[in-house]
Amino acid sequence: MSRSLLLRSSLSSLRLLRNSSSISSLLSLLPNPPHPGLRIVLPYNYKLVTSTSRPCSHVAAAAASCSSSESESESDINDDLSKVEHLLSNPDDVARLMKMERRCDHNANANANATADGGRSRWFPYLDEFRCGAQCLNSAEVLEALSPHILDVRKDKFRNVVTNRTYSLCLVVEGLCDFGNVSATFRSADALGFQSVHVVSCDSKRYKDNRHVSMGAEKWLDIELWSSIHECFKVLKSRGYRIATTHVGMDAVSIYDMDWSHPTAIVVGNENRGISDEALELSDLHCSIPMKGMVDSFNVSVAAGILMHHAVCDRTSRLGCHGDLTSKESQILLAEFSLRHSKSALSIAHEYAKRKALR
């Protein structure tokens with residue numbers, strides 16, 4: 001067993017302690033002198049205050065030993081915090097986040113891929129093409145160019161994620177006001193293997209205080225922004241999705257009675273008003289999560305997480321797995337992830353294309 005010790009404290013647990021002296025008193029219980037392998041991890045915005053009644057200078061010293069790395073982490077966090085807010089405010093930047101060439105929506109039905117199970121249409125958005133000025137690289141060439149610059153452990157992570165990714169299900173968030181909820185749904189979608197997320201009519205002004213919740217998930221998702229629910233649903237239906245809006249009503253179908261192996265867009269709505277009347281009218285079906293308590297609704301990000309998790313479980317039960325990309329689609333998405341991996345990836349790919357042109 002390792003002799004290293006780790007003391008980790010979260011903001012939620014710190015709320016149980018009413019003042020800084022209580023926290024310091026708790027930390028003073030640690031051995032003096034501290035264990036050589038002791039590492040103290042506190043929230044980046046928490047400042048250690050020593051208590052006069054119960055000295056904890058040895059704890060302060062241990063905490064100071066990692067202050068440099070913690071300040072670097074805070075800087076990294078602050079850098080990451082601005083990304084989603086910026087994306088939600090700049091549709092053009094959202095489009096630039098996706099690197100491989102994408103299919104045109106005006107002929108989406110013709111571009112939809114037929115799966116092996118009954119010939120159902122399934123949308124896949126990318127072409128096997130990355131444009132480098134006048135040159136083009138296919139996914140295999142992108143991977144050849146970037147592979148030497150990505151650690152093996154990272155490449156293994158990419159392959160594992162892609163194996164469990166699908167476009168057969170997508171998430172739509174409509175008119176959310178609390179952008180912490182937007183971030184939370186992004187994070188849940190990424191964790192559960194959803195690649196496609198759609199945001200309709202969101203105002204990014206209130207996003208600032210909650211943007212950290214996504215934990216960087218937005219970098220790996222395909223995010224599409226829409227100004228109206230009509231436009232969003234029209235495109236999704238052309239891609240072969242049925243539209244399932246979450247709604248508590250007499251005509252709502254339990255999510256446990258649905259077949260989630262069909263391509264489905266899951267729609268969650270505003271925290272206060274729920275799904276808009278227009279979305280309810282334009283959707284193909286209404287679904288609900290059965291509840292056994294006194295309250296009749298979940299927090300919207302919680303509801304989205306429950307819906308997506310059940311959909312994954314249902315698909316796994318019916319199909320044997322959630323991820324359903326073909327080998328070619330997996331290779332293209334691997335190339336896409338590789339291009340998003342670092343800021344230098346694009347320049348490396350462009351240099352490869354230049355060398356290719358000179359051959």
Residue pair Phe186, Val199: steps toward the side chain to side chain contact (heavy atoms under 4.5 Å, CB included) verdict: CA-CA 10 Å; Phe186 284 2; Val199 181; 3.8 Å; yes
Give the C-alpha distance, both sets of side-chain angles, the deciding distance and a yes or no for side chain to side chain contact (heavy atoms under 4.5 Å, CB included) between Asp152 and Lys155. CA-CA 5 Å; Asp152 288 342; Lys155 288 185 283 189; 3.3 Å; yes
Glu144 vs Lys356, test: salt bridge (Lys or Arg N to Asp or Glu O under 4.0 Å). Steps then yes/no. CA-CA 12 Å; Glu144 181 181 346; Lys356 174 188 173 183; over 6 Å; no
Begin from the C-alpha positions of Val172 and Trp226 and carry the test side chain to side chain contact (heavy atoms under 4.5 Å, CB included) through to its verdict. CA-CA 10 Å; Val172 181; Trp226 305 92; over 6 Å; no
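Annotation: side-chain contact (heavy atoms from CB on, under 4.5 Å) contacts of Ser342 (sequence neighbours excluded): Ser344, Ala345. For the ring pair (Phe, Tyr, Trp, His ring centres under 6.0 Å) test, no residue two or more places apart in sequence or in another chain qualifies with Tyr241.
Under 4.0 Å is where a charged nitrogen must lie from a carboxylate oxygen, and between Glu231 and Lys234 no such pair does. Remark: Asp324 does not engage Arg318 in a salt bridge, criterion side-chain N to carboxylate O under 4.0 Å.
Between Leu307 and Cys287, the closest side-chain pair of non-hydrogen atoms falls below 4.5 Å. Between Phe233 and Val200 there is no side-chain heavy-atom pair separated by less than 4.5 Å. Looking at Leu127 and Met100, their side chains never come closer than 4.5 Å, going by heavy atoms from C-beta outward. Considering only heavy atoms from C-beta on, Asn138 comes within 4.5 Å of Glu141 through its side chain. In this structure, Lys237 and Asp284 have side chains that are in contact, with non-hydrogen atoms separated by less than 4.5 Å. Using a 4.5 Å heavy-atom cutoff, the side chains of Ser283 and Val267 are not in contact. Looking only at side-chain heavy atoms (C-beta outward), His230 and Leu282 come within less than 4.5 Å of each other. Under the 4.5 Å side-chain criterion, counting only non-hydrogen atoms from C-beta, Leu143 is in contact with Ser338.
Remark: side-chain polar atoms of Glu174 are paired, donor with acceptor, to backbone N or O of Ser276 under 3.5 angstrom. For the pair Gln331 (side chain) and Lys328 (backbone), a donor-acceptor distance under 3.5 Å is absent. For Arg315 (side chain) and His322 (main-chain N/O), a donor-acceptor pair under 3.5 Å exists by modelled atom type. Of the possible polar contacts, none joining the Asn164 side chain to the Gly323 backbone as a donor-acceptor pair under 3.5 Å is found. In terms of modelled atom types and a separation under 3.5 Å, the side chain of Lys99 and the main chain of Phe130 share no donor-acceptor contact. Using a distance-only test at 3.5 Å, with no hydrogens or angles considered, no donor-acceptor pair links the side chain of Trp123 to the main chain of Leu236. For the pair Ser168 (side chain) and Pro263 (backbone), a donor-acceptor distance under 3.5 Å is absent. Looking only at distances, no side-chain donor or acceptor of Ser261 sits under 3.5 Å from a matching main-chain atom of Asp259. In this structure, the side chain of Thr163 engages the main chain of Arg159 through a donor-acceptor pair within 3.5 Å.
For the 3.5 Å distance criterion, the side chains of Ser196 and His198 qualify, holding a donor opposite an acceptor. Judged purely by distance below 3.5 Å, without hydrogens or angles, the side chains of Asp128 and Ser139 pair a donor atom with an acceptor atom.
Between Trp260 and Ile255, the shortest heavy-atom contact is NE1-O, 3.1 Å. Closest of all the heavy-atom pairs between Ala353 and Cys132 is CB-CB, 3.7 Å. Minimum heavy-atom separation, Leu97 to Leu221: CD2-O, 4.1 Å. Of all heavy-atom pairs between Ser301 and Thr185, the closest is CA-CG2, 4.0 Å. In terms of heavy atoms, Leu137 sits closest to Ala349 at CD1-O, 3.6 Å. In this structure, Ala304 and Leu171 approach most closely via the heavy-atom pair CB-CD1, 4.4 Å.
Grouping Ile, Leu, Val, Met, Phe, Trp and Tyr by side-chain contacts under 4.5 Å, direct or through others, puts Leu151 with Val153. Under a 4.5 Å side-chain heavy-atom cut-off, the cluster of Ile, Leu, Val, Met, Phe, Trp and Tyr residues that includes Val295 has no other member.
Atom CD1 of residue Ile150 and atom CG of residue Asp156 lie 11.5 Å apart, to the nearest 0.5 angstrom. Put simply, CG on Leu333 and CD on Gln195 are 5.0 Å apart, with the number rounded to the nearest 0.5 Å. Between the CG atom of Asp277 and the CD1 atom of Ile229 there is a distance of 12.0 Å, given to the nearest 0.5 Å. In this structure, CZ on Arg165 lies 9.5 Å from CG on Leu192, to the nearest 0.5 angstrom. With values rounded to the nearest 0.5 angstrom, Asp222 atom CG is found 5.5 Å from Met98 atom CE.
In the hydrophobic clustering of ILVMFWY residues, with side-chain heavy atoms under 4.5 Å counting as a link, Val253 and Leu169 come out together. Each of Ile243 and Val248 belongs to its own hydrophobic cluster when Ile, Leu, Val, Met, Phe, Trp and Tyr are linked at side-chain heavy-atom distances under 4.5 angstrom. By the rule that hydrophobic residues join a cluster once side-chain heavy atoms approach within less than 4.5 Å of another member, Met291 and Ile266 end up as members of one cluster.
Counting heavy atoms of neighbouring residues, nucleotides and ligands inside a 6.0 Å radius, atom CG of Asp251 exceeds 12 of them.
Residue pairs meeting the ring pair (Phe, Tyr, Trp, His ring centres under 6.0 Å) criterion with at least one member in residues 149-169, sequence neighbours excluded, are Phe124-Tyr167, Phe158-Trp220, Phe158-Phe337, Phe158-His341. Within the structure, salt bridge (Lys or Arg N to Asp or Glu O under 4.0 Å) contacts touching residues 240-249 (residues at least two apart or in different chains) do not occur.
Just one of Glu224, Glu336, Glu129 meets the salt bridge (Lys or Arg N to Asp or Glu O under 4.0 Å) condition when paired with Arg102; it is Glu224.
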